[in-house]
Colleague: 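Following this message is one structure expressed as structure tokens.
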Amino acid sequence: MKKISYKWGKEMKHALVIGGTGMLANVTLWLLDNNYQVSIIARDSQKMESLINKSANKSYITPVLVNYENDNKLRKELELLINKKGPIDLVIAWIHTGAIHALPSILEVISNTSELWELYHVLGSSNDLNEIKKNLTIKNNCLYRQIQLGFVIQKLTSRWLTNNEISNGVIEAIIKRRDQHIVGKIEPWDRRP
């Protein structure tokens with residue numbers, strides 16, 4: 001499949017963001033500003049429209065309105081997306097724990113259609129990163145990386161990360177290409193909010 005190119009000849013990469021209209025909205029906008037066409041999996045058309053309106057590069061956003069808990073529909077939408085926009089080079093995935101088949105489906109479909117690609121799996125503070133990775137089938141053409149979201153300690157209290165802090169941490173992990181990256185603190189555990 002052919003890569004999409006800017007009209008002035010620079011080759012664009014194709015990113016897929018799951019959670020890209022909410023918590024990871026600033027990651028989506030950053031990718032658009034850094035030579036990516038961005039496809040976004042979301043359920044909420046109003047949030048999608050709001051994000052598109054914030055972008056200076058609206059024509060490089062492809063909405064994929066699907067509930068990723070519906071595995072068959074997710075697979076079909078991914079295949080249609082790849083046929084239309086080309087292989088995916090980068091995935092940033094924030095997937096709720098109830099959707100147990102979503103990430104394995106994404107891994108399979110993209111690994112079967114892309115040469116070499118990166119997956120940044122965004123996980124909550126209580127996840128065991130090694131256990132998560134052990135339970136996934138990751139093919140050789142996927143560079144699997146994990147981002148764990150923690151919390152912020154402020155004197156005698158603590159709080160969860162803001163969406164901006166999360167997005168900045170995810171962007172840092174992408175820039176530094178870290179296999180494991182922690183945003184905020186995950187210890188001491190008894191200080192979590």
Side-chain angles (χ1 to χ4, degrees), residues 15-31 34 36 38-44 47-48 50-51 54 66-71 74 78 88-111 117-193:
L16 174 68
V17 184
I18 300 125
T21 60
M23 183 178 85
L24 299 175
N26 287 340
V27 174
T28 300
L29 296 172
W30 178 83
L31 288 166
N34 283 276
Y36 282 89
V38 181
S39 300
I40 307 163
I41 290 180
R43 292 179 291 189
D44 188 325
K47 279 185 171 181
M48 182 71 76
S50 175
L51 177 71
K54 290 177 187 172
V66 63
N67 181 346
Y68 57 68
E69 291 180 10
N70 182 335
D71 188 52
L74 173 63
L78 284 172
I88 294 171
D89 303 291
L90 172 68
V91 175
I92 296 97
W94 168 249
I95 298 172
H96 296 282
T97 53
I100 58 172
H101 299 292
L103 191 61
S105 292
I106 291 164
L107 278 161
E108 182 181 336
V109 171
I110 296 174
S111 287
W117 64 288
E118 290 181 276
L119 167 61
Y120 288 85
H121 189 188
V122 182
L123 298 155
S125 59
S126 63
N127 288 110
D128 179 336
L129 301 185
N130 292 325
E131 190 67 23
I132 298 265
K133 186 174 181 179
K134 187 172 75 174
N135 290 318
L136 292 172
T137 302
I138 302 166
K139 294 185 179 178
N140 290 337
N141 64 336
C142 175
L143 302 173
Y144 176 78
R145 305 175 195 286
Q146 295 173 316
I147 301 170
Q148 189 165 31
L149 305 179
F151 51 90
V152 176
I153 298 174
Q154 297 175 315
K155 296 182 183 177
L156 300 176
T157 64
S158 62
R159 63 170 176 79
W160 294 115
L161 297 163
T162 65
N163 287 351
N164 282 338
E165 290 167 335
I166 291 167
S167 285
N168 289 340
V170 170
I171 290 166
E172 180 183 352
I174 294 168
I175 290 169
K176 295 183 176 179
R177 303 184 80 191
R178 292 185 172 157
D179 289 337
Q180 288 189 341
H181 182 73
I182 296 171
V183 183
K185 304 273 185 201
I186 56 170
E187 294 179 348
W189 187 245
D190 61 345
R191 293 289 310 273
R192 76 187 186 284

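Every value quoted in this text rests on a predicted model; they were computed, and no experiment measured them.
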Colleague: Does a side-chain heavy-atom distance below 4.5 Å link T28 with T21?
Modeller: no

Colleague: N164 and N26: side-chain donor and acceptor closer than 3.5 Å?
Modeller: yes

Colleague: How many angstroms lie between OH in Y68 and CD1 in I106, if you round to the nearest 0.5 Å?
Modeller: 9.0 Å

Colleague: What distance do M48 atom CE and I41 atom CD1 have between them, rounded to the nearest 0.5 Å?
Modeller: 9.0 Å

Colleague: Holding to ring pair (Phe, Tyr, Trp, His ring centres under 6.0 Å), I want the full list of residues that pass it with Y144, two or more places apart in sequence or in another chain.
Modeller: H121

Colleague: With distance as the sole test, does E118 use its side chain to make a donor-acceptor pair with the main-chain N or O of C142 at under 3.5 Å?
Modeller: no

Colleague: Using a cut-off of 6.0 Å, state whether more than 12 heavy atoms not belonging to K139 lie near its atom NZ.
Modeller: yes

Colleague: Of the options L90, V17, L24, which is the one that meets Y120 in a side-chain contact (heavy atoms from CB on, under 4.5 Å)?
Modeller: L90

Colleague: Tell me, do H101 and L74 make a side-chain contact under 4.5 Å, heavy atoms counted?
Modeller: no

Colleague: If you look at every heavy atom in S125 and G150, which pair is closest and at what distance?
Modeller: CB-CA, 4.0 Å

Colleague: Which value, rounded to the nearest 0.5 Å, describes the distance between I153 atom CD1 and K155 atom NZ?
Modeller: 14.0 Å

Colleague: To the nearest 0.5 angstrom, please state how far the CG atom of L103 sits from the OG1 atom of T97.
Modeller: 12.5 Å

Colleague: Hey, is the main chain of D71 close enough, under 3.5 Å, to the side chain of S105 for a donor-acceptor pair?
Modeller: no

Colleague: Could you state the interatomic distance from CG (L29) to CG (L51), rounded to the nearest 0.5 Å?
Modeller: 5.0 Å

Colleague: Might you point out which heavy atoms bring S126 and Q148 nearest each other, and give the distance in Å?
Modeller: N-NE2, 4.3 Å

Colleague: If every non-hydrogen atom of D44 is compared with every non-hydrogen atom of K47, which pair is closest and at what distance?
Modeller: OD1-N, 3.1 Å

Colleague: Return the minimal non-hydrogen interatomic distance between Q180 and Q146, and the atom names on each side.
Modeller: NE2-OE1, 3.0 Å

Colleague: Ignoring hydrogens and angles, tell me if any N or O in the side chain of N70 forms a donor-acceptor pair with the backbone of N67 under 3.5 Å.
Modeller: no

Colleague: Are L16 and L78 packed together at the side-chain level, in the sense that at least one heavy-atom pair is separated by less than 4.5 angstrom?
Modeller: yes

Colleague: Could you check whether any side-chain heavy atom of V170 comes within less than 4.5 Å of a side-chain heavy atom of W94, counting everything from C-beta outward?
Modeller: no

Colleague: When you measure from the side chain of D128 to the backbone N and O of N130, does any donor-acceptor pair fall under 3.5 Å?
Modeller: yes

Colleague: Using the six-membered ring wherever Trp is involved, compare the ring planes of F151 and W160 and label them parallel, tilted or perpendicular (cut-offs 30° and 60°).
Modeller: perpendicular

Colleague: Determine the minimum heavy-atom distance between I95 and A102, stating which atoms define it.
Modeller: CG2-CB, 4.0 Å

Colleague: Kindly say whether R177 contributes a backbone atom to a donor-acceptor pair with the side chain of R145 at under 3.5 angstrom?
Modeller: yes

Colleague: Working to the nearest 0.5 Å, report the span between CG of L107 and CD1 of I138.
Modeller: 6.0 Å

Colleague: What closest approach, in Å, do G184 and L161 show between heavy atoms, and which atom pair accounts for it?
Modeller: CA-CD2, 4.1 Å

Colleague: Yes or no on side chain to side chain donor-acceptor pair (under 3.5 Å) for W117 and S111, after CA distance, side-chain angles and deciding distance?
Modeller: CA-CA 8 Å; W117 64 288; S111 287; 3.2 Å; yes

